[in-house]
Chemist: 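Quick one: structure below, then a few questions.
Start at 1 and go down the list; that is how both ligands and their atoms are numbered.
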Amino acid sequence: MNIRNAQFVRGIVGTNDIINDTKAQIAFVGRSNVGKSTLLNSLVGNKSLARSSSTPGRTQQINFFLIDQKVYFVDLPGYGYAKTPGKQREKIRKMIIWYLTYSEIKHKKVVLIVDAKAGIQDFDLEMVDLLKAEEIDFIVILNKIDKLKQGEVVKVIRETEEKISDDRIKIITYSSKSQINRDKIIGELFN
Ligand SMILES: Nc1nc2c(ncn2[C@@H]2O[C@H](COP(=O)(O)OP(=O)(O)O)[C@@H](O)[C@H]2O)c(=O)[nH]1
Ligand SMILES: [Mg+2]
């Protein structure tokens with residue numbers, strides 16, 4: 001399966017018509033700077049679609065991209081970035097929770113992205129618990145594995161499996177540099 005067309009539709013910060021669109025939505029969530037926007041770009045094969053940044057905490061709205069006229073990719077702001085002021089951080093956290101728990105969205109899948117070097121953190125586990133409680137279908141991406149040695153990759157996969165402790169949840173390693181597992185991720189998202 002290949003993505004042929006991807007376009008930015010709009011960015012929202014709260015209730016908006018687009019939420020009630022009957023198309024499926026695949027949301028990218030994770031801490032700031034883990035590579036959410038870069039992963040989204042790498043899946044659609046367009047390096048500049050979602051704005052990626054080396055400065056964490058830049059995306060502060062929920063961005064909708066229409067993929068092949070049938071699915072939305074939804075780029076959520078990153079949570080848990082220490083340098084974002086507390087009030088703003090809480091606003092972002094609430095926005096993410098609002099989006100994930102909003103029940104009107106018909107088909108929702110989530111890609112939870114973790115920086116493989118940092119490993120899965122408390123904020124991520126909070127997200128895992130929320131996704132489980134809401135019965136949202138999700139996969140976990142251990143991202144930026146180009147920064148790890150082979151032994152470290154094996155270790156972080158094992159640690160993540162232990163912390164998530166649910167065999168049904170797929171854990172997939174990725175790097176936007178090598179793009180190995182790109183087809184596997186796309187397969188999981190569009191099955
Ligand atoms: N080494 C490496 N760097 C990456 C990878 N993916 C993203 N980055 C870098 O990580 C930084 C944050 O990426 P971005 O996509 O903006 O993260 P976001 O805040 O989660 O959306 C940027 O400087 C990217 O170039 C990857 O797979 N490997
Ligand atoms: Mg981003």
Chemist: Compare all side-chain heavy atoms of Val29 with those of Phe138 and state whether any distance is below 4.5 angstrom.
Modeler: no
Chemist: Measure the acute angle between the ring planes of Tyr99 and Phe64, then classify it against the limits of 30° and 60° as parallel, tilted or perpendicular.
Modeler: perpendicular
Chemist: For ligand 1 and Lys144, I'd like to know whether there is a polar contact (N/O to N/O, distance under 3.5 Å).
Modeler: yes
Chemist: Please state whether the separation between the Mg ion (ligand 2) and some N/O/S atom of Ser32 is under 2.8 Å?
Modeler: no
Chemist: State the atoms of ligand 1, each with its element, that fall below the 4.0 Å cut-off from a heavy-atom position in Ser37.
Modeler: 15 (O), 21 (O)
Chemist: If I apply the N/O under 3.5 Å rule, does Thr38 come out as touching ligand 1?
Modeler: yes
Chemist: Would you say Leu39 and ligand 1 have an N/O pair spaced under 3.5 Å apart?
Modeler: no
Chemist: Only heavy atoms of Ser176, strictly under 4.0 Å: list the atoms of ligand 1 that pass.
Modeler: 5 (C), 6 (N), 26 (C), 27 (O)
Chemist: Among the heavy atoms of Ser175, does any lie under 4.0 Å from an atom of ligand 1?
Modeler: yes
Chemist: Taking Asp115 first and then Lys117, would you say they form a salt bridge - that is, a charged N and a carboxylate O separated by under 4.0 Å?
Modeler: no
Chemist: Find all atoms of ligand 1 within a distance of less than 4.0 Å from any non-hydrogen atom belonging to Asn33, and give their numbers and elements.
Modeler: 11 (C), 12 (C), 17 (O), 18 (P), 19 (O), 20 (O)
Chemist: Say whether Tyr174, considering both its backbone and side-chain N or O atoms, lies within less than 3.5 Å of an N or O atom on ligand 1.
Modeler: no
Chemist: For atom NZ of Lys109, decide whether the heavy atoms of other residues, nucleotides or ligands shown that lie under 6.0 angstrom number more than 12.
Modeler: yes
Chemist: Between Leu148 and Lys155, is any pair of side-chain heavy atoms under 4.5 Å apart?
Modeler: no
Chemist: Do Glu161 and Arg158 sit within salt-bridge range, that is, some charged N less than 4.0 Å from a carboxylate O?
Modeler: no
Chemist: Heavy atoms only: which of Asp146, Val29, Ile145 lies closest to atom 28 (N) of ligand 1?
Modeler: Asp146
Chemist: Is there side-chain contact between Lys23 and Val71, with heavy atoms separated by less than 4.5 Å?
Modeler: no
Chemist: Is there a side-chain contact between Glu126 and Gln121 in this structure, where contact means two heavy atoms from C-beta onward sitting under 4.5 Å apart?
Modeler: no
Chemist: Just which atoms of ligand 1 are under 4.0 Å from any heavy atom in Lys36?
Modeler: 15 (O), 17 (O), 18 (P), 19 (O), 20 (O), 21 (O)
